[in-house]
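Shown next, in structure tokens, is the structure this report addresses.
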Amino acid sequence: MSEPAAAPRAVLHDIRYSRFSGALRPRRSAVASFVASGVRRPLGLRRSASAKIWPFLLLAAAYLPALAVVAVPLLVPAVDVQPTDLISYSTLLATNSVVLLAFVATSIPSMLTRDRRDRVLSLYFATALSWFEYVAGVFLAAVSLLAIIVLGPLLVLFVGSIATADAPATWFGDHVGDLPRILGAAAVVVLFHASLGLAVGSLTAKRVFAVGGYLAVVLVGPALTGAVSVVSGEDWPLALDPASGPVRLAAAFVGEDLTAPGALAWGVWAVVVVGGLTVLCSRYGKGNDA
């Protein structure tokens with residue numbers, strides 16, 4: 001009979017923990033990485049092609065009006081008209097307001113729901129990020145996303161006006177003062193909707209509830225304020241409209257009032273921005289998934 005095969009010898013592996021000897025990156029790198037991932041996810045970058053369809057359709061719809069009015073004098077030299085004569089900055093903001101609301105509803109509130117649903121906040125806060133850095137990273141990502149869809153078309157219109165002017169350098173010198181107003185107008189809209197969308201998203205772990213909550217605010221609000229305005233015969237209730245209020249403020253910022261928003265609209269804007277950030281800090285200041 002053949003002898004039985006010898007049993008394999010046990011081997012001990014040295015798997016003890018060792019001190020990390022590589023270069024440590026600063027904490028701001030973790031925040032920057034978080035911001036970058038927060039921007040990529042809603043745009044569908046590094047995801048399947050189907051995930052890119054909706055956000056890029058909205059981006060195309062936002063940029064199309066500005067590109068169209070810039071293309072007319074570029075492609076038809078006989079047309080002697082400036083793009084800003086065809087569509088003003090305030091009109092462009094108003095035209096893109098529906099696209100903006102759709103983009104915010106489907107992107108901003110859900111930036112927070114996945115982490116809360118997967119209960120990874122405690123893991124974040126125990127390692128590379130504090131709760132404040134987490135909130136700052138999400139807010140910066142939301143602002144960057146909305147700047148793409150709000151500020152981008154305004155800059156296309158401004159740069160296109162320079163390119164189509166008979167004397168580009170002269171036109172730029174005469175209108176360089178428009179740049180701070182454009183940036184300010186975009187900031188008014190972006191900060192409002194970023195704060196509102198993130199505040200709504202922080203209140204639930206369900207994406208559908210977050211999207212529905214934001215849509216309820218921006219769709220029911222105009223109906224209520226419009227009804228109060230009609231009944232009272234006054235324009236002041238329109239200042240409470242969360243959908244068109246920021247656009248009116250932005251239009252006033254670039255010196256092209258759609259309707260005079262008044263001090264009340266600025267008060268509502270400040271309450272939403274400060275209140276939204278306060279809600280974020282109170283929700284995540286606990287440092288857990290609650």
Verify the neighbour count for atom OH of Y63: are there more than 12 heavy atoms of other residues, nucleotides or ligands below 6.0 Å? yes
What I'd like to find out is whether the side chain of V176 reaches to under 4.5 Å of the side chain of W171, using heavy atoms alone. no
Quick check for you: to the nearest 0.5 Å, what is the distance between T91 atom OG1 and L157 atom CG? 10.0 Å
Derivation of the ring-ring contact (aromatic ring centres under 6.0 Å, His included) call for F103 and W54: CA-CA 9 Å; F103 187 83; W54 176 250; 9.2 Å; no
Is there a path of hydrophobic side-chain contacts, each under 4.5 Å between heavy atoms of I/L/V/M/F/W/Y residues, joining L240 to V220? no
In the hydrophobic cluster built from side-chain contacts under 4.5 Å, what are the other members alongside L57? I53
Between R283 and S202 (side chain of the first, backbone of the second, donor and acceptor by atom type, cut-off under 3.5 Å), is there such a pair? yes
Applying side chain to side chain contact (heavy atoms under 4.5 Å, CB included), name anything that partners T170, two or more places apart in sequence or on another chain. A167, D174
Please say yes or no: joined through hydrophobic side-chain contacts below 4.5 Å, possibly via intermediate residues, are L92 and V98 part of one cluster? no
4.5 Å side-chain heavy-atom contact, R181 and Y89: no
Is there a side-chain contact between F192 and L146, using heavy atoms and a 4.5 Å cut-off? no
With S29 via side chain to side chain contact (heavy atoms under 4.5 Å, CB included) - residues at least two apart: R25, P26
Any R207 side-chain heavy atom under 4.5 Å of R117 side chain: no
Residues L45 and K52: closest non-hydrogen pair is CA-CE, 4.3 Å
Testing the basics here: between T164 and P83, what is the closest heavy-atom pair and its distance to 0.1 Å? OG1-CD, 3.2 Å
If you take all heavy atoms of A141 and V39, which pair is closest and at what distance? O-CG2, 3.8 Å
Are the side chain of Q82 and the backbone N or O of S161 linked by a donor-acceptor pair below 3.5 Å? yes
Where do S90 and A251 come nearest, in terms of heavy atoms and distance? CB-CB, 3.6 Å
With the side chain counted from C-beta on, respond yes when D115 and V138 share a heavy-atom pair under 4.5 Å apart, and no when they do not. no
Between R248 and S244, do the side chains contain an N or O donor and an N or O acceptor separated by less than 3.5 Å? yes
Flag the pair M111 / L145 as yes when at least one side-chain heavy-atom distance between them is below 4.5 Å, and no otherwise. yes
Residues that A62 engages under side chain to side chain contact (heavy atoms under 4.5 Å, CB included), provided they are two or more places apart: N96, V99, I149, P153
Side chains of F158 and F172 in contact at under 4.5 Å (non-hydrogen atoms): yes
Run L179 and L155 through side-chain contact (heavy atoms from CB on, under 4.5 Å) and show every step you take. CA-CA 8 Å; L179 271 178; L155 293 179; 4.1 Å; yes
Before you tell me yes or no, could you show the steps for V279 and V200 under side-chain contact (heavy atoms from CB on, under 4.5 Å), namely the whole-Å CA-CA distance, both residues' side-chain angles and the distance that decides it to 0.1 Å? CA-CA 9 Å; V279 170; V200 172; over 6 Å; no
List, by chain and then residue number, the residues other than L64 in its hydrophobic cluster (Ile/Leu/Val/Met/Phe/Trp/Tyr, side-chain heavy atoms under 4.5 Å); write none if there are no others. none
Cluster question for you: counting only ILVMFWY and a side-chain heavy-atom cut-off of under 4.5 Å, with indirect links fine, are W131 and L203 together? no
Are V274 and V143 grouped together when hydrophobic residues (ILVMFWY) are joined by side-chain heavy atoms under 4.5 angstrom apart? no
Exactly one candidate in I108, V273, V272 meets side chain to side chain contact (heavy atoms under 4.5 Å, CB included) with L196; the answer is V272
If you compare all heavy atoms of I87 against all heavy atoms of P65, which two are closest, and at what distance to 0.1 Å? CD1-CB, 4.4 Å
Any idea how Y134 and F34 line up, ring-wise: parallel (<30°), tilted (30 to 60°), or perpendicular (>60°)? tilted
Can a donor-acceptor pair be found, under 3.5 Å and without considering hydrogens, that links the side chain of S107 to the backbone of V104? no
Relative to the ring of W266, is the ring of W269 parallel (under 30°), tilted (30 to 60°) or perpendicular (over 60°)? perpendicular
Considering all heavy atoms of both residues, which atom of L101 and which atom of A243 are nearest to each other, and what is their separation? CD1-CB, 4.0 Å
Set out, in order, the CA-CA distance, both residues' side-chain angles and the distance that settles side-chain contact (heavy atoms from CB on, under 4.5 Å) for F132 and Y284, then state yes or no. CA-CA 8 Å; F132 179 79; Y284 291 94; over 6 Å; no
Do V228 and L264 share a hydrophobic cluster, counting only Ile, Leu, Val, Met, Phe, Trp and Tyr and linking them when any side-chain heavy atoms are less than 4.5 Å apart? no
Less than 4.5 Å apart, any side-chain heavy atom of V247 and any of L100? no
Could you list the residues that satisfy side chain to side chain contact (heavy atoms under 4.5 Å, CB included) with A210, not counting sequence neighbours? P109, T113, T204
Reported OG1-to-NE2 distance for the pair T84 and H175, which is rounded to 0.5 angstrom: 6.0 Å
Worked check of side-chain contact (heavy atoms from CB on, under 4.5 Å) between V69 and D85: CA-CA 9 Å; V69 297; D85 295 331; over 6 Å; no
